[in-house]
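By convention in this document, chain letters (A, B, ...) are assigned in the order of the sequence lines, proteins followed by strands, and residues within each chain are numbered from 1.
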Protein chains: 2
Amino acid sequence: MMPAHSRPTSKDVAAAAGVSQSTVSMVLSGKWPGRVSEATAQNVRDAAQRLGYRPNPAARNLRLGRTRTIMLVVPAITAPFFAAVYTGAAKVAVENGFSLVVFPWPLEADGPFSGPQEAIDGMLASSMGENSLAGMRRPVPLVMVDSDPEGPAPTVNFDVAGAIGDIVAHLRGLGHTRIGHLAADINVWTFRSRALRLAEQVPELVTGRAAISIAAGFETALRLLSSPDRPTALVCDDDTLAAGAHKAARHLGLDVPGDVSITGFDDLYLAEALELTTVRLPAERMGELAMAHLMDVLEGRPAEPALLPAELVLRRSTGAPGRR
Amino acid sequence: MMPAHSRPTSKDVAAAAGVSQSTVSMVLSGKWPGRVSEATAQNVRDAAQRLGYRPNPAARNLRLGRTRTIMLVVPAITAPFFAAVYTGAAKVAVENGFSLVVFPWPLEADGPFSGPQEAIDGMLASSMGENSLAGMRRPVPLVMVDSDPEGPAPTVNFDVAGAIGDIVAHLRGLGHTRIGHLAADINVWTFRSRALRLAEQVPELVTGRAAISIAAGFETALRLLSSPDRPTALVCDDDTLAAGAHKAARHLGLDVPGDVSITGFDDLYLAEALELTTVRLPAERMGELAMAHLMDVLEGRPAEPALLPAELVLRRSTGAPGRR
DNA sequence: CTGAAAGCGCTTACAG
DNA sequence: CTGAAAGCGCTTACAG
């Protein structure tokens, strides 16, 4: 007989089904075929259903020495990209009975990672530098998002080379011959990779660096756009930087896109409001896939690195150069 | 002797300190005074320190019938306001040894709440309607953010009346006599409350409703600004709506702020990019305070409802009417 | 094909 | 002031 106001346990299910606790466990964990008869199994499932049985995670964790907890390491959950990664990852985690905790690890923290590594079963990381990764004490299962595919862990990335190729093709198609790069001043793979691809395809590239903020983007863009042979198009590593560039153009009395075209990355609300041409990153999908991969790794299933396409969204911030 | 590669347990600490497991537990949980001698206590603490002992949460949870898990119920973690609430709440949760899981509950879901209510020790909710709250099956400790202070749970709010008062004073000071309200078309307390306060202070108020998106804000603002005696200032419930209004003004050839002033709520990147006058909401601080309150409730400590000031940030989207 | 028993690591009555 | 023991709810050898 189970107490009035508490949840049923596997013992209650066993009593209701007229079998032992072990049998309940076997059946409900799906390891019964060949060990329990079909009739008994059905019996157990019915009883569990009827009582509304749900296994106690604390007991299972204690027994198995696992926590069913995944840690997501991102610079800041308030950045929309990482919030979207979180959303996708949390969805898949919950579906698999895992919980997801966020550990903030600022981009600037380039030293060895020093977050808690006990009490978690696996880790999802985004935008983590090599030096930080070196801080991992024990080999905790790890999947990385938007990170070096040559690195130590499987990755889920968007197609950086493809996205840069699309931007350059778009700008070249409009007739641009002087392209500038407003680069994020952060030493992580994704930005290094964007710079590399861009340099490969744009021999005349001029580059300015800025921290990721509207104010910093504004300052650096001001400088880039004040030079005598100023670029006619500015490829920005981020919508926030693009917003800064947009403001700088207005400040200099330059028309967008008549005098200067501007592109961003992310597709934030910002991009919609300023009508920025930008690369829409599949952040939520990356989170989902990364967590699915981690689940595969934890189950010992093979996991292939994933590469998702990113769509170039055309808006009013790009056009033919010298239009006015 | 503890195994080479596993974490030390309270048994190991007991052995190292030459006492029993019970004594270790007493000391480390801080319930020892009057039951264990100071010398023994110090001895235990030293041993725990030396071995790097950290209690196994699964075992503690199983024993105590708790989960040390808090559920945060918000419409979407991708919205910067809720992401910031999460950040603040998670910080305080971690400091207290709790983990925080997010359960998405869309604003449109006006029916009784049907998320998991077992396996959590407490709940933090934001922007949840009365009908949803009615779905709570058992009296799980609850603290609400940005919600009706007359409601069933303690709240942590920003000062809506004060913020609306600041906006109106600012606009009146500039000389505006026809003020419009671009209202969020969502039936939750915070927006009802903003509308109410605004109506109290602005007799001539005209109101248009829109879903929270740039596109919907654009459409509704277009309508409001096309009327013969159009408002000279538009108070928007949200920066996203304000961005839509900004776009609508540009579309109609109206100067901002010369022909129409615009204010928002939140202070998103968007607001900085468009140079919007807006109310900066203390979202992260609200998350921190709400979680601290929940910790108080769980410990049986008294918890006062909190009301935080919100700052009106003046930018270029507001000015004297009829300037051009 | 099924069950009885042990044990994961903690906390707390209970005994002394 | 301190310890031995029970038990939270699971899973998994082991026995039959």
- Message: Tell me which one of B/L28, B/D12, B/V44 satisfies side chain to side chain contact (heavy atoms under 4.5 Å, CB included) with B/Y53.
- Response: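 Only one option passes, and that is B/L28.
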Give a yes/no answer on whether the side chain of [X] brings an N or O atom under 4.0 Å of OP1 or OP2 in [N].
| X | N | result |
| --- | --- | --- |
| A/S29 | D/dT11 | no |
| B/T23 | D/dG3 | yes |
| B/S10 | C/dG9 | no |
| A/R63 | D/dT12 | no |
| A/S20 | C/dG3 | yes |

- Over how many whole Å does the gap from A/Q21 atom CD to D/dT11 atom P extend?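 Interatomic distance, CD of A/Q21 to P of D/dT11: 9 Å.
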- B/K11 has an atom NZ; how far is it from atom P of C/dG7, in whole Å?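 Atom NZ in B/K11 sits about 9 Å away from atom P in C/dG7.
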- Message: Quick one, A/W189 and A/T155 - any side-chain contact, counting heavy atoms below 4.5 Å?
- Response: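 A side-chain contact is absent here, since even the closest heavy-atom pair is not under 4.5 Å.
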What pairs with [X] under side-chain contact (heavy atoms from CB on, under 4.5 Å), at least two apart in sequence or on another chain?
| X | answer |
| --- | --- |
| B/R60 | B/P55, B/L64 |
| A/L308 | A/P282, A/R285, A/M286, A/L289 |
| A/P302 | none |

Expected rows: protein N/O vs nucleotides 13-16 of chain C N/O, under 3.5 Å:
none

- Quick one: closest heavy-atom pair of B/S193 and B/V160, and the distance?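 Looks like OG-CG1, 3.5 Å.
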- Query: Which nucleotide in the set D/dT11, C/dC1, C/dT11 lies at the smallest distance from any side-chain heavy atom of B/S25?
  - Reply: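 Between D/dT11, C/dC1, C/dT11, the one nearest the side chain of B/S25 would be C/dT11.
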- Task: Go through C/dT2, D/dC10, C/dG9 for me and flag the one nearest to the A/P55 side chain.
- Result: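 Among C/dT2, D/dC10, C/dG9, the one nearest the side chain of A/P55 is D/dC10.
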Please set out all donor-acceptor pairs under 3.5 angstrom arising from side-chain atoms of residues 70-90 of chain A, sequence neighbours excluded.
residue: A/T87; atom: OG1; partner: A/A83; partner atom: O; Å: 2.9

- Query: What does A/T40 touch in the nucleic acid at a heavy-atom separation under 4.0 angstrom: a base, only the sugar-phosphate, or nothing?
  - Reply: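 The answer is sugar-phosphate, as A/T40 gets under 4.0 Å only of primed atoms, P, OP1 or OP2.
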- Task: Map every base of DNA chain D to its dot-bracket character, where paired means a Watson-Crick or G-U wobble contact with both distances under 3.5 Å and | marks a partner outside the strand.
- Result: |||.||||||||.|||
- Task: Test A/D46 against every option in A/Q42, A/Q49, A/R50 by the side-chain hydrogen bond (donor to acceptor under 3.5 Å, both in side chains) rule and name the one that passes.
- Result: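 With A/D46 as partner, A/Q42, A/Q49, A/R50 yield a single side-chain hydrogen bond (donor to acceptor under 3.5 Å, both in side chains), made by A/Q42.
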